[in-house]
Amino acid sequence: MPGAADGLQQLHDSITGWFAETARDLPWRDPSCSPWGVLVSEIMLQQTPVVRVLPVWHEWLERWPTPAGLAGEPAGEAVRAWGRLGYPRRALRLHAAAAAIVSEHAGKVPDTYPELLALPGVGSYTAAAVAAFAYGRRETVVDTNIRRVQARLVAGSALPAPALTAAEMRLAASLLPDDDATSVRWNAAVMELGALVCTARVPKCPACPVKDSCAWLAAGEPPPSYVPKGQAWHGTDRQVRGAVVAVLRLAEAPVPAEMFHHAPADLGFAPEGIGVPLAALHRLNPPPEQLERSLAGLLADGWQNCTTAATACLPDARRHGAAGSGASESCPGWHTFW
DNA sequence: CATTCGTGGGC
DNA sequence: TGCCCAAGAAT
């Protein structure tokens, strides 16, 4: 039995040692980074690469150094500041989370897993990550990187299962160091190993600190047992919505609906700031019914539950009080965007 | 539990 | 060039 314990200890030492030498210098890992900064980073990093998050994160923390700062502005400003990070609904949820932090936690990011989990946009991973990385708690953090490292190192398979399983959570919990501070470093280290070395495609096994104990390598690098399902994009409503959102995000003035149907040249004027995304939208040349479906979807359900809910808040961003907030009042049949 | 939800860089 | 996929969450 001491063998198993020693093996686990060696695993901890190898990976955390590698982390100490190799880890990227990311601002949200700095000890001076606030829990709010960590929360913002975790939301932005959901399905989004680090290099794309970095500049936006800096802008957000400078503009909104506290949850109260963000909660004090219209949600549409969060969507605008989100830029092109993708999944703009995350901006809405982060804004809602800031409001909840102000109203229910006196403006302080909560420090327990269940309280974090109750925040909009915060799921099991993010709740554990913030509790661990912002507050030093011992949590079972399981993200796509950790899942992949576990799959190869322990299970001997090329990729983790399509969906997170209870077995993976148990395995992660069993690997977690007992000490709080060490467990935090371990979580960060395994994530970093998955991000930099044990990557999804073309893993850099020669550079791996635990290559000698990897079950997948020992098994001769067997291929995945299933084919990951691709994410449809070209020709879909999502693509059209994305183009429409890009126009609205950059608009500094009301955008007539006609602009979505006709090239700016047809309108006899050049729209300030939104020419490029508008041109991109027209280049897509979506079928009229698809464009209408996308526009209608963006304005449905009283600006709240449309498919890309984020867009619904854009009208609030630059509105100065007069117009109503409901689609029926301010946007009869999606005539004018604001 | 399977789907849906943007975006852009790398291979 | 086209495809893969990146610190997931909500439904």
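What's counted below: heavy atoms across the whole structure, side chains too, no hydrogens, waters or symmetry copies. Below, read A as the first sequence line, B as the second, and so on, with proteins coming before strands; counting in each chain starts at 1.
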For this session: Check the distance between C:dA6's C1' and A:L159's CG and give it to me in whole angstrom.
Result: 14 Å
Seminar exercise, completed: What residues 221-233 of chain A contributes to the DNA chain B interface at heavy-atom separation below 4.0 Å is A:Q231, A:W233
For this session: Indicate, yes or no, whether a donor-acceptor pair under 3.5 Å links the base of B:dT4 to the side chain of A:R238.
Result: no
Exercise. With respect to the phosphate group of B:dT7, does any side-chain polar atom (N or O) of A:R249 fall under 4.0 Å of OP1 or OP2?
Worked result: yes
For this session: Measure from CZ on A:F19 to P on C:dA7 and round the result to the nearest Å.
Result: 14 Å
Exercise. Just to confirm, is there a sub-4.0 Å distance from OP1 or OP2 of B:dG6 to any side-chain nitrogen or oxygen of A:R241?
Worked result: yes
Problem set entry | With sequence neighbours excluded, residues passing ring pair (Phe, Tyr, Trp, His ring centres under 6.0 Å) with A:W36 | none
Problem set entry | Atom pair distance, as rounded to whole Å: CG in A:L164 and P in B:dT3 | 17 Å
Exercise. Under the side-chain contact (heavy atoms from CB on, under 4.5 Å) test, which residues partner A:P55, sequence neighbours left out?
Worked result: none
Exercise. Using a cut-off of 4.0 Å on non-hydrogen atoms, how would the nucleic acid contact of A:R148 be classed: base, sugar-phosphate, or nothing?
Worked result: sugar-phosphate
For this session: Mind checking A:G123 for me? I need base, sugar-phosphate or nothing, with any heavy atom below 4.0 Å counting as a touch.
Result: sugar-phosphate
For this session: Whole angstrom is fine here: how far is it from CH2 in A:W57 over to C1' in C:dA6?
Result: 19 Å
Exercise. Can you tell me how far C1' in C:dT11 sits from the matching atom in B:dC1, rounded to whole Å?
Worked result: 11 Å
Exercise. Counting only heavy atoms not in A:E62, do more than 12 fall under 6.0 Å of its CD?
Worked result: no
Problem set entry | Separation of atom NE2 in A:H234 from atom P in C:dT1, rounded to whole Å | 12 Å
For this session: Between A:R201 and A:L85, name the one whose nearest nucleotide on DNA chain B is closer to the 5' end.
Result: A:L85
Exercise. Any side-chain donor-acceptor pair under 3.5 Å between A:T112 and A:R137?
Worked result: no
Exercise. Side-chain donor-acceptor pair under 3.5 Å between A:N187 and A:E139, yes or no?
Worked result: no
Exercise. In terms of side-chain heavy atoms, does A:Y125 have a donor or acceptor partner in A:Q46 at a distance below 3.5 Å?
Worked result: no
Exercise. Using the P atom in both, what is the distance from B:dA2 to C:dA7, to the nearest Å?
Worked result: 22 Å
Exercise. Under 4.0 Å between a Lys/Arg side-chain N and an Asp/Glu carboxylate O for A:E192 and A:R29?
Worked result: yes
Exercise. With respect to the side chain of A:E42, which nucleotide from C:dA7, C:dC5, B:dC5 is positioned closest?
Worked result: C:dA7
Exercise. What is the nucleic acid contact for A:W82, judged by heavy atoms within less than 4.0 Å: base, sugar-phosphate only, or nothing?
Worked result: nothing
For this session: Taking the side chain as every heavy atom from C-beta outward, state whether A:W60 and A:L70 have any pair of such atoms under 4.5 Å apart.
Result: yes
Problem set entry | Candidate nucleotides C:dA9, C:dG8, B:dC5, ranked by approach to the side chain of A:S124 - the nearest | C:dA9
Exercise. A:L26 near the nucleic acid: base, sugar-phosphate alone, or nothing, with a heavy-atom cut-off under 4.0 Å?
Worked result: base
Seminar exercise, completed: Assert: residue with more 5' nearest nucleotide on DNA chain C, out of A:T199 and A:G121, is A:T199
Exercise. Taking for each residue the nucleotide of DNA chain B with the nearest heavy atom, is it A:V202 or A:A163 whose nucleotide lies nearer the 5' end?
Worked result: A:A163
Exercise. How is A:V122 classified with respect to the nucleic acid when contacts are heavy atoms under 4.0 Å: base, sugar-phosphate, or nothing?
Worked result: sugar-phosphate
Seminar exercise, completed: To the nearest angstrom, the CD1-P distance between A:I43 and C:dG8 comes to 11 Å
Problem set entry | Charged N-O contact under 4.0 Å between A:E73 and A:R63 | yes
Seminar exercise, completed: A:L45 CG to B:dG6 P, in whole Å, measures 18 Å
Problem set entry | C1' spacing across the pair C:dA6 / B:dG6, given as an integer number of angstrom | 12 Å
Exercise. Between A:Q47 and C:dG8, does any side-chain N or O lie under 4.0 Å from OP1 or OP2?
Worked result: yes
Problem set entry | Short side-chain N/O contact to C:dA9 OP1/OP2 from A:R90, under 4.0 Å | no
Exercise. So what does A:R93 hit on the nucleic acid, given a heavy-atom distance under 4.0 Å: a base, only sugar-phosphate, or nothing?
Worked result: sugar-phosphate
For this session: Please state how far atom CE in A:M191 lies from atom C1' in C:dG8, giving the value in whole angstrom units.
Result: 11 Å
Exercise. Just to confirm, is there a sub-4.0 Å distance from OP1 or OP2 of C:dG8 to any side-chain nitrogen or oxygen of A:T126?
Worked result: no
